[in-house]
There are 2 protein chains.
Amino acid sequence: MSGGHVAKASTVYDVAAHSGVSIATVSRVLRRPGDVRASTRERVLASVRELGYVPSAAARGLAASRTGVLGLYFPSLDAMEELGDAEFLPAPGAPLVDLVVDMPDSGVVRPPNLYFDEVLRGSEFEAWRQGFALMVGVGRGTNPTDMVGDIAGRVDGMAILAQSVSAEVLEHVSRRIPVVLIAGPRRGDDFDHVSVGNTEGMQALTTHLIDGCAVTDFAYVAGPVDSPDDAERHAGFVAALHSRGLDPAQVPVHRGEFSRLRGRAVASTLLDGRRMPRAVVCANDQMALGVLDVLGAHGVSVPGDVIVTGFDGIEAGRQASPRLTTVRQPMVDLGRAAMRAILSRLENPDQAPISLRLPVKVLLRESSEGHL
Amino acid sequence: MSGGHVAKASTVYDVAAHSGVSIATVSRVLRRPGDVRASTRERVLASVRELGYVPSAAARGLAASRTGVLGLYFPSLDAMEELGDAEFLPAPGAPLVDLVVDMPDSGVVRPPNLYFDEVLRGSEFEAWRQGFALMVGVGRGTNPTDMVGDIAGRVDGMAILAQSVSAEVLEHVSRRIPVVLIAGPRRGDDFDHVSVGNTEGMQALTTHLIDGCAVTDFAYVAGPVDSPDDAERHAGFVAALHSRGLDPAQVPVHRGEFSRLRGRAVASTLLDGRRMPRAVVCANDQMALGVLDVLGAHGVSVPGDVIVTGFDGIEAGRQASPRLTTVRQPMVDLGRAAMRAILSRLENPDQAPISLRLPVKVLLRESSEGHL
DNA sequence: CTGAAAGCGCTTACAG
DNA sequence: CTGAAAGCGCTTACAG
């Protein structure tokens with residue numbers, strides 16, 4: 001029989017005794033096999049197999065003062081909020097299947113959260129390529145401090161994707177390991193930082209709407225007031241207007257909070273207004289999709305009557321009807337770049353602070369088409 | 001100035017010296033604050049802050065013989081395959097924004113991979129709730145053995161989502177830590193195992209098609225031959241037919257490999273055939289969406305002419321037109337249940353093997369509607 | 001190529 | 001409530 005028998009785990013000592021060598025040799029077989037005579041090596045390896053020996057990363061990490069793990073900290077994931085303390089395990093004997101008629105509007109729209117998922121994927125991939133494991137932590141309201149510190153103690157370096165982490169914590173943690181900040185604003189000049197061309201992307205898109213689609217009459221749908229991404233994007237929007245002699249002060253700004261639902265609310269407000277703008281520029285795709293929802297339901301033609309644009313490049317925007325013109329940011333690469341930055345800092349602790357900005361891509365699609 | 005200065009990290013010894021206590025007291029302040037006099041505690045905490053002390057999880061793990069980390073191993077993520085060795089960092093001076101016309105068929109469809117993402121989320125959430133950190137590892141062709149072993153050495157227990165991990169590795173690893181298998185078939189009776197009601201869900205759905213929609217004429221679109229999920233679902237399909245006196249041998253089975261593209265190919269084949277079945281039952285949503293793509297393009301009415309169903313409950317199926325009738329499996333709960341199983345095993349090593357099966361939900365939507 | 005020994009930074013009984 | 005000391009399981013010069 002196999003599995004399930006977690007007895008006392010064996011150690012280097014067990015393996016050494018079993019194969020008649022010293023623990024140093026066992027360690028060498030595992031770390032630098034080339035340094036050990038072939039016959040010895042085989043003997044040790046056989047013992048490893050026989051004893052089911054798995055090296056303790058804790059001991060290894062302590063001895064080598066290097067964990068081989070990179071960390072990634074996220075702020076709370078929206079999608080997580082739904083998860084609560086409610087019991088999710090089925091009651092014993094509960095039916096394994098339930099049949100329901102799923103009406104079009106039933107159920108909550110699951111926030112895609114592609115952003116985090118993709119940054120995570122990129123991070124995991126790059127960490128793996130570089131021979132590191134990845135530890136992920138998600139902050140959940142309570143105390144980012146504890147969580148961040150917890151991860152910091154376990155890794156050789158970490159990336160933090162959150163403006164919610166205080167400067168003190170960043171300072172504290174960075175005294176132990178390299179910390180790289182993902183997205184958000186640069187925090188002081190001392191932290192390594194990777195981000196995307198938020199401003200540049202929005203400026204290019206807006207400029208295209210003005211030059212290519214002859215738009216002069218905008219509405220802007222912004223995200224949360226405390227979002228640095230939102231601020232950067234809005235700055236790009238404003239810059240484009242300025243550069244073309246339009247007055248940003250004339251453009252009404254609505255707060256959409258980055259959510260599809262709020263995007264819908266904003267669209268309803270717009271419809272109630274005295275007249276529609278020629279283009280509704282949204283600070284992210286979710287809100288733009290919400291705007292499309294409402295305009296579509298009210299028979300407003302997009303892009304015929306109103307042009308709508310987003311930002312992020314999520315898959316849902318590509319499947320929307322009309323497909324959403326947007327700015328795609330390289331989320332996977334953001335994660336990869338963050339891991340690279342950590343490694344780079346690890347190798348060369350004294351190099352100048354890294355501030356890497358990744359390029360974005362303006363994707364012109366049907367929600368602004370006919371004006372290319 | 002702050003950040004970026006990774007000097008020699010301070011240790012308990014530094015904190016002890018700085019606050020004039022023993023290292024034991026420093027440890028207590030951090031572990032069981034209640035056992036230390038308030039004034040002492042404050043003094044130590046002040047030193048901790050001042051020195052930027054972050055406890056080493058490696059040392060703690062070694063001393064306490066418990067890492068406080070739970071592991072999660074995935075087989076290779078499809079979406080990861082795209083990522084290669086290609087340089088992804090922008091060349092210095094490269095433009096931060098690029099403007100392109102994104103045609104409807106341009107670009108690769110990013111596989112949503114919601115399955116893994118959701119299992120990961122559930123795992124992270126539950127681990128966090130229980131006071132553990134989560135380490136993730138993604139197998140990538142090379143050697144799952146190494147990766148699994150690597151994770152195993154770093155955690156107190158781990159969940160494995162992969163039929164690709166050999167019995168030997170499972171056996172080996174499980175001698176050190178508790179291992180719980182996610183989805184797939186039960187592997188021997190000794191491993192803890194969590195899965196979903198694949199068979200039951202497909203059986204219920206198929207039974208509904210027969211009883212509620214009067215379908216007697218099916219086509220079945222299966223996944224890869226080596227997929228245990230696929231096997232279970234097909235078994236449910238067959239069972240439903242049997243229970244209603246229909247002959248499964250009469251039903252043509254097409255291999256769709258779980259992909260949308262292959263689903264399309266299968267639909268084309270069906271269209272070329274002498275006649276369409278009344279219902280096309282697919283072993284997952286992706287394939288069903290592919291079938292919908294082609295039927296829609298050829299003016300075949302769904303569900304009027306042909307009923308199409310899927311399995312998984314991905315978001316894209318809910319946004320399809322017509323919305324896809326499917327069986328939703330609780331992917332987030334699968335992750336949560338796996339973590340719970342590990343913890344349960346950790347607390348009670350001698351309990352009988354866990355085999356938990358999570359309930360699924362048949363979601364009746366428009367792709368089979370009008371026959372409720 | 002191999003072994004003896006120190007040391008990594010904590011936790012935890014055991015005394016007091 | 002606090003301290004001295006052993007020990008967790010490795011790695012790594014240092015000898016040989």
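The structure presented is a predicted model; accordingly, all values stated were derived computationally and were not measured. Order of the sequence lines fixes the chain letters, A, B, ..., with proteins taken first and strands second; residue numbering starts at 1 for each chain.
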**Request:** Could you tell me whether the side chain of B/R176 and the main chain of A/V54 form a donor-acceptor pair under 3.5 Å?
**Result:** yes
**Whole angstrom value for the distance that separates P of D/dC8 from CG of A/D14** = 11 Å
**Prompt:** Among D/dT2, D/dT12, D/dG3, which is the nearest nucleotide to the side chain of A/A24?
**Reply:** D/dT12
**Request:** Check whether any side-chain nitrogen or oxygen of A/S56 sits under 4.0 Å from OP1 or OP2 of D/dC8, and answer yes or no.
**Result:** no
**Asked** Hey, does the side chain of A/H193 reach the backbone of A/I182 with a donor-acceptor pair shorter than 3.5 angstrom?
**Response** no
**Fill in**
note: B/Y13, atom OH; C/dT11, atom P; distance rounded to Å ~ 11 Å
**Request:** Mind calculating the distance between CD1 (A/I23) and C1' (C/dT2) to the nearest angstrom?
**Result:** 13 Å
**Message:** Heavy atoms from C-beta onward define the side chain here; which of D/dC1, C/dG3, D/dC10 lies closest to that of A/A63?
**Reply:** D/dC10
**Message:** Considering every strand and a 4.0 Å limit on heavy-atom distances, what is the contact class for B/V21: base, sugar-phosphate, or nothing?
**Reply:** sugar-phosphate
**Message:** Measure CZ/B/R28 against P/C/dC14 and give the value in whole Å, please.
**Reply:** 14 Å
**Request:** Could you check how far CZ of A/R66 sits from P of D/dG9, rounded to whole Å?
**Result:** 22 Å
**Prompt:** What closest approach, in Å, do B/S123 and B/L134 show between heavy atoms, and which atom pair accounts for it?
**Reply:** CB-CD1, 4.3 Å
**Prompt:** Would you say a side-chain N or O of B/Y53 is under 4.0 Å from OP1 or OP2 of C/dC10?
**Reply:** yes
**Item:** All stems with DNA chain D, defined as three or more consecutive Watson-Crick or G-U pairs under 3.5 Å
**Value:** C:1-3 with D:14-16, C:5-12 with D:5-12, C:14-16 with D:1-3
**Asked** Got a donor-acceptor contact below 3.5 angstrom from the A/D156 side chain to the A/R66 backbone?
**Response** no
**Prompt:** Over how many whole Å does the gap from B/R41 atom CZ to D/dC1 atom P extend?
**Reply:** 9 Å
**Request:** Examine A/R340 relative to A/F132 and say whether NZ or CZ is less than 6.0 Å from the centre of the six-membered ring and inside a 45° cone about the ring axis.
**Result:** no
**Prompt:** Which part of the nucleic acid, if any, lies within contact of B/R31, taking any heavy atom under 4.0 Å across all strands shown: a base, the sugar-phosphate backbone alone, or nothing?
**Reply:** sugar-phosphate
**Asked** Counting side-chain heavy atoms from CB outward, which of C/dC10, C/dT12, C/dT2 is closest to B/P55?
**Response** C/dC10
**Asked** Hey, is the side chain of A/R60 poking within less than 4.0 Å of OP1 or OP2 on D/dG9, counting only N and O atoms?
**Response** no
**Message:** Testing the basics here: between A/V148 and A/V169, what is the closest heavy-atom pair and its distance to 0.1 Å?
**Reply:** CG1-CG1, 3.9 Å
**Prompt:** Do NZ/NE/NH1/NH2 and the carboxylate oxygens of A/E126 and A/R129 come within less than 4.0 Å?
**Reply:** yes
**Asked** Got a donor-acceptor contact below 3.5 angstrom from the B/R154 side chain to the B/G71 backbone?
**Response** no
**Prompt:** Does A/T25 make a side-chain N or O approach to OP1 or OP2 of C/dG3 shorter than 4.0 Å?
**Reply:** yes
**Request:** Specify the residue among A/V26 and B/S39 whose closest nucleotide of DNA chain D lies further upstream toward the 5′ end.
**Result:** B/S39
**Prompt:** If you pin B/G20 and B/A59 to their nearest nucleotides in DNA chain D, which one's is more 5'?
**Reply:** B/G20
**Message:** What is the separation between atom CG on A/D35 and atom P on D/dT12, rounded to the nearest whole Å?
**Reply:** 11 Å
**Asked** Where the side chain of B/T11 is concerned, which of C/dC10, D/dA4, C/dG3 is the nearest nucleotide?
**Response** C/dC10
**Message:** Whether A/S27 contacts D/dT12 is assessed here as follows: a side-chain N or O lying under 4.0 Å from the phosphate OP1 or OP2. Is that the case?
**Reply:** no
**Item:** Integer-rounded Å distance: C/dG9 P and B/L62 CG
**Value:** 12 Å
